[in-house]
Asks: 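Got a structure here, written out as structure tokens. Questions coming.
The shown structure was predicted, so the numbers you read here are calculated from the model rather than taken from an experiment.
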Amino acid sequence: MTTTVPDLEPSHLEDRLAAWDGLAVVSRYDAPSGAWVFIALHDARLGTPAGGTRIKTYPSPDEAMLDAMRLASGMTAKWAVVGVPFGGGKAVIAPPGPLAGAERRALLRRYGALVETLRGAFVTGEDLGTTPEDMAEVASATTHVLGGHGGGGRLADPGPFTAHGVAQAMLAVAERLDGTPSLAGRRVAVQGVGDVGAPLARP
């Protein structure tokens, strides 16, 4: 049986990489699932490139790679702002459609094995489209996964911690605008009540 690999347009690929100020992009096509995997390493001056693993379906592999590069660049700035000794990195897994069950778990284990081949050059964790259970699958194939272990070996959910960071950022903006770090009397819109939005919206 012949497997058709979705094209990465060579001209786009060359243009994207030539215009990027990052270190490297590791790419792999996962034939069993039909997913493209991109690990973008942007900067290592402050430490090992680190960032979450995103699972999302994109219009093309080229757009998935571009998103990984953009997100990795953003992580460089985020780590620097909070003073954490990591560099910017990000991973995108771009399947052709939704993945669940054994097929999803197998892909995540293969992805973990890919991360392991980088020998610590990239450290990852949960992001959009992935869950603590997904990260546990990745961690079964690599030691380079961030997050403490909860009961039963389950990786800790970073959502509430991210929500706390968002809340603190909102208070900082309020203080900048009004001189007082308080949201009392203000209306705040929370778009989406998922892993971050739900704990952020709770009293």
Asks: Do Val138 and Tyr111 make a side-chain contact, defined as non-hydrogen atoms from C-beta onward lying under 4.5 Å apart?
Replies: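 Sidechains of Tyr111 and Val138: in contact.
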Asks: Sequence neighbours excluded, which residues qualify as side chain to side chain donor-acceptor pair (under 3.5 Å) partners of Arg109?
Replies: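 Side chain to side chain donor-acceptor pair (under 3.5 Å) check on Arg109 returns Glu137.
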Asks: Pair up each side-chain donor or acceptor in residues 77-100 with any protein partner under 3.5 Å, not counting sequence neighbours, and list the distances.
Replies:
unit_1, atom_1, unit_2, atom_2, d
Trp79, NE1, Ala50, O, 2.9
Trp79, NE1, Gly87, O, 3.3
Lys90, NZ, Asp127, OD2, 2.6

Asks: Applying a strict under-4.5 Å side-chain criterion to I, L, V, M, F, W and Y, I'd like to know whether Leu41 and Leu46 cluster together.
Replies: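 No, separate clusters.
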Asks: Would you say Leu171 and Leu183 make side-chain contact, with heavy atoms under 4.5 Å?
Replies: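 Yes, their side chains come closer than 4.5 Å.
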Asks: Suppose we screen for side chain to side chain donor-acceptor pair (under 3.5 Å). Which residues come up paired with Glu116, at least two apart in sequence or across chains?
Replies: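 Listed in chain order: Thr142.
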Asks: Where is the tightest heavy-atom contact between Leu107 and Ala35, given as atom of each residue plus distance?
Replies: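 Between these two residues, the closest heavy atoms are CD2-CB, 4.2 Å.
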Asks: When hydrophobic residues are tied together by side-chain contacts of less than 4.5 Å, even through go-betweens, does Val115 share a cluster with Leu128?
Replies: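 They do not share one cluster, since no chain of ILVMFWY contacts under 4.5 Å joins Val115 to Leu128.
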Asks: Going by side-chain heavy atoms closer than 4.5 Å, which hydrophobic residues are tied to Leu177, directly or by a chain of links?
Replies: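 Cluster partners of Leu177: Val173.
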Asks: With the side chain counted from C-beta on, respond yes when Pro132 and Glu126 share a heavy-atom pair under 4.5 Å apart, and no when they do not.
Replies: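 Yes - at least one pair of side-chain heavy atoms lies under 4.5 Å apart.
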Asks: Considering only heavy atoms from C-beta outward, does the side chain of Pro61 approach that of Tyr29 to under 4.5 Å?
Replies: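 Of all side-chain heavy-atom pairs linking Tyr29 with Pro61, none is under 4.5 Å.
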Asks: Who passes side chain to side chain donor-acceptor pair (under 3.5 Å) against Ser182, sequence neighbours left out?
Replies: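 Result, side chain to side chain donor-acceptor pair (under 3.5 Å) vs Ser182: none returned.
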Asks: According to salt bridge (Lys or Arg N to Asp or Glu O under 4.0 Å), who are the partners of Asp30, at least two apart in sequence or on a separate chain?
Replies: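 Asp30 satisfies salt bridge (Lys or Arg N to Asp or Glu O under 4.0 Å) with Arg110 only.
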Asks: In the structure I gave you, are the side-chain heavy atoms of Arg54 and Leu71 within less than 4.5 Å of one another anywhere?
Replies: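 A side-chain contact under 4.5 Å exists here.
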Asks: Begin from the C-alpha positions of Ile55 and Leu108 and carry the test side-chain contact (heavy atoms from CB on, under 4.5 Å) through to its verdict.
Replies: CA-CA 10 Å; Ile55 296 182; Leu108 289 165; 4.0 Å; yes
Asks: Taking only residues two or more places apart in sequence or in another chain, which ones pass side chain to side chain contact (heavy atoms under 4.5 Å, CB included) with Val26?
Replies: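 For Val26 the side chain to side chain contact (heavy atoms under 4.5 Å, CB included) partners, ignoring immediate neighbours, are Ile39, Leu114, Leu118.
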Asks: Can you find a pair of side-chain heavy atoms, one from Thr130 and one from Met135, that are under 4.5 Å apart?
Replies: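 When only atoms from C-beta onward are counted, Met135 and Thr130 do touch, with a gap below 4.5 Å.
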Asks: What pairs with Arg104 under side chain to side chain donor-acceptor pair (under 3.5 Å), at least two apart in sequence or on another chain?
Replies: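 Counting only residues at least two positions away or on another chain, Arg104 forms a side chain to side chain donor-acceptor pair (under 3.5 Å) with Asp134.
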Asks: If you measure from OG1 on Thr76 to CG on Leu23, what distance do you get to the nearest 0.5 Å?
Replies: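 Thr76 OG1 to Leu23 CG: 8.0 Å, rounded to 0.5 Å.
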Asks: If a pair satisfies salt bridge (Lys or Arg N to Asp or Glu O under 4.0 Å) and one of its residues is in residues 166-189, list it, with sequence neighbours excluded.
Replies: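 Every salt bridge (Lys or Arg N to Asp or Glu O under 4.0 Å) pair that includes a residue of residues 166-189, provided the two are not neighbours, is Asp178-Arg186.
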Asks: Closest heavy-atom contact between Ala121 and Pro49?
Replies: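 Closest heavy-atom pair between Ala121 and Pro49: O-CD, 3.4 Å.
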Asks: Tell me every residue that passes salt bridge (Lys or Arg N to Asp or Glu O under 4.0 Å) with Arg70, counting only those two or more places apart in sequence or in another chain.
Replies: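 Expected list: Asp67.
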Asks: Following the transitive rule for hydrophobic clusters with a side-chain heavy-atom cut-off under 4.5 Å over Ile, Leu, Val, Met, Phe, Trp and Tyr, establish whether Phe122 and Val145 coincide in one cluster.
Replies: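 Per the 4.5 Å side-chain linkage, Phe122 and Val145 are co-clustered.
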Asks: Once salt bridge (Lys or Arg N to Asp or Glu O under 4.0 Å) is applied, what residue pairs with a partner in residues 33-43 remain, sequence neighbours excluded?
Replies: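 Checked against salt bridge (Lys or Arg N to Asp or Glu O under 4.0 Å) - neighbours excluded - the pairs reaching residues 33-43 are Asp43-Arg45.
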Asks: To check you understand the geometry: which heavy-atom pair defines the closest contact between Asp21 and Ser73, and what is its length?
Replies: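 Nearest heavy atoms, Asp21 then Ser73: OD1-OG, 4.4 Å.
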Asks: State, yes or no, whether a side-chain contact exists between Arg16 and Met65 at a heavy-atom distance under 4.5 Å.
Replies: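 In contact.
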Asks: What distance do Trp36 atom CH2 and Thr57 atom OG1 have between them, rounded to the nearest 0.5 Å?
Replies: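 So the CH2 of Trp36 and the OG1 of Thr57 are separated by 15.5 Å.
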